Engineer: 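Provided herewith is a single structure, encoded as structure tokens, for subsequent inquiry.
Atoms within a ligand are numbered from 1 in the order they appear, just like the ligands themselves. Here the structure is a predicted model, which is why all the values come from computation and not from measurement. All residue numbers in this chain count up from 1 along the given sequence.
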Amino acid sequence: MRQSVTLALTAGEPAGIGPELCLQLALEKRQPGVVVVACKHLLQARAELLGLAVELVDWEPGNHAVTGPGRLSVLHVNGLASTDAGRLDPANSAYVLETLSIAARGCLDGTFDGMVTAPVHKGVINNAGIVFSGHTEFLQELCGVERVVMMLATEELRVALVTTHLPLKDVSAAITPERLSQVTRILDSDLRRFFDIEHPRILVAGLNPHAGEGGHLGREEIEVIEPTLDKLRQEGITLTGPLPADTLFTPHWLDNADAVLAMYHDQGLPVLKFQGFGRAVNITLGLPIVRTSVDHGTALDLAGTGKADAGSLKTAVRVGEQMAKSAKKSK
Ligand SMILES: NC(=O)c1ccc[n+]([C@@H]2O[C@H](COP(=O)([O-])OP(=O)(O)OC[C@H]3O[C@@H](n4cnc5c(N)ncnc54)[C@H](O)[C@@H]3O)[C@@H](O)[C@H]2O)c1
Ligand SMILES: N[C@H](C(=O)O)[C@H](O)COP(=O)(O)O
């Protein structure tokens with residue numbers, strides 16, 4: 001019998017912990033319908049290094065996805081240059097991006113119901129001469145959409161970002177009425193669509209200390225954020241803010257909210273990761289496909305040691321399955 005959803009799982013940076021986390025899924029009792037999109041020789045080598053008894057099963061479209069116990073479906077991708085755990089090799093970068101393209105195209109053409117990504121190393125991809133900011137931006141371009149939203153979530157907290165992988169010096173200029181409006185609308189509509197929240201309540205952080213202190217510590221709140229939020233409220237979106245970011249993440253506000261919208265990466269994500277690193281999921285909202293990911297990076301220091309924790313990958317697969325089911329229902 002076919003599983004209700006089939007997810008493509010990219011194994012990410014070959015030198016990182018992604019390949020072994022994918023193998024760990026095959027040792028679980030629970031059997032999610034995932035197909036690992038990766039070089040099978042890499043998975044084989046990592047399984048042998050760690051002494052993991054996992055049988056890799058070649059997968060092709062139309063086949064049942066086999067995940068566990070002790071078996072793993074693999075869609076083999078060519079082009080890997082080296083398989084060393086812990087040692088980055090720029091020659092692997094084109095292969096890494098090819099795994100992402102195969103998974104995303106498979107979602108767009110209906111082969112897969114969604115994709116889950118293990119971590120990639122942004123630095124080594126750029127060192128190979130390929131401009132790459134992250135999966136979020138890569139998938140936005142591949143899917144041809146104007147705006148997407150990065151949201152990380154635990155059971156207790158959801159944090160979405162107005163800007164993603166941007167140097168801090170460029171953040172202020174990027175917070176325009178257009179971007180803020182697009183991001184807020186996507187967040188509101190995807191909270192309804194994927195998380196069954198009828199009337200999402202969103203807390204919006206200011207950009208400056210104390211949300212600008214009435215204009216004395218920055219004017220973005222007065223000139224951009226407040227007027228934009230006022231317009232969005234007229235569309236029926238429930239927004240509170242702009243709030244000072246230092247006190248926003250307290251029960252007083254969070255207890256009556258469904259998500260926080262932070263202005264930039266390190267305003268929101270350190271709080272989320274402090275609260276739930278290792279069990280959170282990274283979700284790209286606004287795409288025509290379902291995409292979830294882990295909350296951590298490539299952890300080169302742990303690759304090949306068997307010490308990496310698969311908690312976040314399991315969460316990403318579980319949330320990916322739920323979102324894929326919701327997407328199917330709403331079609
Ligand atoms: N989804 C993604 O693709 C993604 C997410 C975050 C970071 N990254 C990339 O990863 C690379 C390394 O980033 P970093 O060093 O800042 O963060 P990191 O998450 O790789 O490592 C931070 C610390 O957390 C530990 N850690 C990470 N994952 C773990 C796990 N599953 N189990 C146990 N411990 C774990 C590491 O050993 C390290 O001490 C960068 O290139 C970054 O851009 C990718
Ligand atoms: N910003 C993410 C984080 O800190 O967890 C991470 O860099 C991954 O981003 P992508 O999903 O865009 O690769």
Side-chain angles (χ1 to χ4, degrees), residues 9-25 38 50 85-90 92-93 96-97 99-100 103-104 114-128 130-143 145 147-154 157-168 171 262 264-287 289-317 319-320:
L9 168 59
T10 55
E13 166 54 45
I17 59 176
E20 61 213 62
L21 296 182
C22 294
L23 290 164
Q24 280 189 43
L25 282 188
L50 293 171
R87 214 184 63 200
L88 293 170
D89 181 352
N92 285 334
S93 297
V96 170
L97 296 186
T99 64
L100 301 184
M115 64 186 281
V116 179
T117 58
V120 299
H121 196 283
K122 300 172 190 61
V124 76
I125 297 173
N126 283 280
N127 289 343
I130 305 167
V131 177
F132 179 84
S133 305
H135 292 91
T136 307
E137 299 83 353
F138 180 86
L139 293 173
Q140 174 181 358
E141 194 178 329
L142 187 146
C143 294
V145 289
R147 188 70 61 206
V148 294
V149 178
M150 184 187 295
M151 181 174 87
L152 271 76
T154 62
L157 182 64
R158 298 185 189 93
V159 177
L161 306 178
V162 178
T163 56
T164 54
H165 295 117
L166 208 57
L168 197 49
V171 167
Y264 59 95
H265 192 279
D266 284 4
Q267 181 181 60
L269 296 194
V271 183
L272 186 291
K273 293 191 183 186
F274 179 69
Q275 191 257 337
F277 188 56
R279 57 187 176 86
V281 56
N282 174 355
I283 304 166
T284 313
L285 305 176
L287 287 172
I289 63 174
V290 166
R291 183 264 171 162
T292 64
S293 188
V294 291
D295 65 1
H296 55 78
T298 49
L300 298 174
D301 53 331
L302 296 183
T305 67
K307 290 182 185 158
D309 187 313
S312 177
L313 182 62
K314 288 179 202 166
T315 307
V317 169
V319 174

Engineer: Could you see which bit of Ile17 sits under 4.0 Å from ligand 1, with heavy atoms only: side chain, backbone, both or neither?
Structural biologist: side chain
Engineer: Using 30° and 60° as the class limits, which term best fits the ring planes of His265 and His165: parallel, tilted or perpendicular?
Structural biologist: tilted
Engineer: Does Ala299 reach ligand 1 with a nitrogen or oxygen that is under 3.5 Å from one of the ligand's nitrogen or oxygen atoms?
Structural biologist: yes
Engineer: So if I count the atoms of ligand 1 from 1 in the order they appear, which ones are less than 4.0 Å from some heavy atom of His121?
Structural biologist: 11 (C), 41 (O)
Engineer: Would Gly297 count as a polar contact of ligand 1, with the cut-off being nitrogen or oxygen pairs under 3.5 Å?
Structural biologist: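 Between Gly297 and ligand 1 (N or O atoms, distance only) the closest approach is under 3.5 Å.
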Engineer: Which bit of Leu269 gets closer than 4.0 Å to ligand 2, counting heavy atoms only: side chain, backbone, both or neither?
Structural biologist: side chain
Engineer: Check each atom of ligand 2 against the heavy atoms of Gly134 and keep those under 4.0 Å away; list them by number with element.
Structural biologist: 12 (O), 13 (O)
Engineer: Only heavy atoms of Ala308, strictly under 4.0 Å: list the atoms of ligand 1 that pass.
Structural biologist: 32 (N)
Engineer: Do any nitrogen or oxygen atoms of Lys273 lie less than 3.5 angstrom from nitrogen or oxygen atoms of ligand 1?
Structural biologist: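 N/O-N/O distance below 3.5 Å does not exist for this pair.
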Engineer: Are any non-hydrogen protein atoms located under 4.0 Å from atom 31 (N) of ligand 1?
Structural biologist: yes
Engineer: With nothing but distance in play, are any N or O atoms of Ser293 less than 3.5 Å from an N or O of ligand 2?
Structural biologist: no
Engineer: Identify the protein heavy atom lying closest to atom 9 (O) of ligand 2, giving its residue, its atom name and the separation to 0.1 Å.
Structural biologist: His165 CE1, 3.2 Å
Engineer: Show which atoms of ligand 2 fall inside a sub-4.0 Å distance from at least one heavy-atom site of Arg291.
Structural biologist: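 Within the 4.0 Å cut-off of Arg291, ligand 2 contributes 11 (O).
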Engineer: Is it the side chain (CB and beyond), the backbone, both or neither of Thr117 that lies under 4.0 Å from ligand 2, heavy atoms counted?
Structural biologist: neither
Engineer: Looking at ligand 1, does Asp301 have a heavy atom less than 4.0 Å from it?
Structural biologist: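 Yes, Asp301 has heavy atoms under 4.0 Å from ligand 1.
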Engineer: Can you check whether a protein heavy atom sits less than 4.0 angstrom from atom 14 (P) of ligand 1?
Structural biologist: no
Engineer: Taking only non-hydrogen atoms of Gln140, do any sit less than 4.0 angstrom from ligand 2?
Structural biologist: no
Engineer: If you measure every N or O of Leu21 against every N or O of ligand 1, does any of those distances drop under 3.5 Å?
Structural biologist: no
Engineer: Does any N or O of ligand 2 fall below 3.5 Å from an N or O anywhere on His296, backbone included?
Structural biologist: no
Engineer: For atom 1 (N) of ligand 1, state whether the nearest protein heavy atom is under 4.0 Å away.
Structural biologist: yes
Engineer: Tell me the nearest of Lys122, His135, Lys273 to atom 10 (P) of ligand 2, using heavy-atom distances.
Structural biologist: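 The option holding the nearest heavy atom is His135.
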Engineer: Evaluating non-hydrogen atoms only, which member of Glu20, Lys122, Glu13, Lys307 is closest to atom 41 (O) of ligand 1?
Structural biologist: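 Minimum heavy-atom distance to atom 41 (O) of ligand 1 goes to Lys122.
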Engineer: What are the atoms of ligand 2, with element, lying closer than 4.0 Å to any heavy atom of Asp295?
Structural biologist: 5 (O)
Engineer: Is there a protein heavy atom at a distance of less than 4.0 Å from atom 22 (C) of ligand 1?
Structural biologist: no
Engineer: Measure the shortest side-chain to side-chain distance between Leu168 and Tyr264 over non-hydrogen atoms and say whether it is less than 4.5 angstrom.
Structural biologist: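 Yes, side chains in contact.
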Engineer: What is the closest protein heavy atom to atom 12 (C) of ligand 1, and at what distance does it sit?
Structural biologist: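 Going by distance alone, atom 12 (C) of ligand 1 is nearest to Thr298 OG1, 3.5 Å.
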Engineer: Would you mind listing which atoms of ligand 2 come within a distance below 4.0 Å of any non-hydrogen atom of Thr136?
Structural biologist: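 In order of number, 10 (P), 11 (O), 12 (O).
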Engineer: Need the ligand 2 atom indices (1-based, order shown) with element for anything under 4.0 Å from a heavy-atom of Met150.
Structural biologist: 1 (N), 9 (O), 12 (O)
Engineer: In terms of atom number and element, which parts of ligand 1 are under 4.0 angstrom from non-hydrogen atoms of Asp309?
Structural biologist: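 This gives 30 (C), 31 (N), 32 (N), 33 (C) as the contact atoms.
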Engineer: Counting each atom of ligand 1 from 1 as listed, which ones have a heavy atom of Ser293 under 4.0 Å away?
Structural biologist: 1 (N)
Engineer: Mark up the atoms of ligand 1 that fall under 4.0 Å of a heavy atom belonging to Leu302, in ascending order.
Structural biologist: 33 (C), 34 (N), 35 (C), 37 (O)
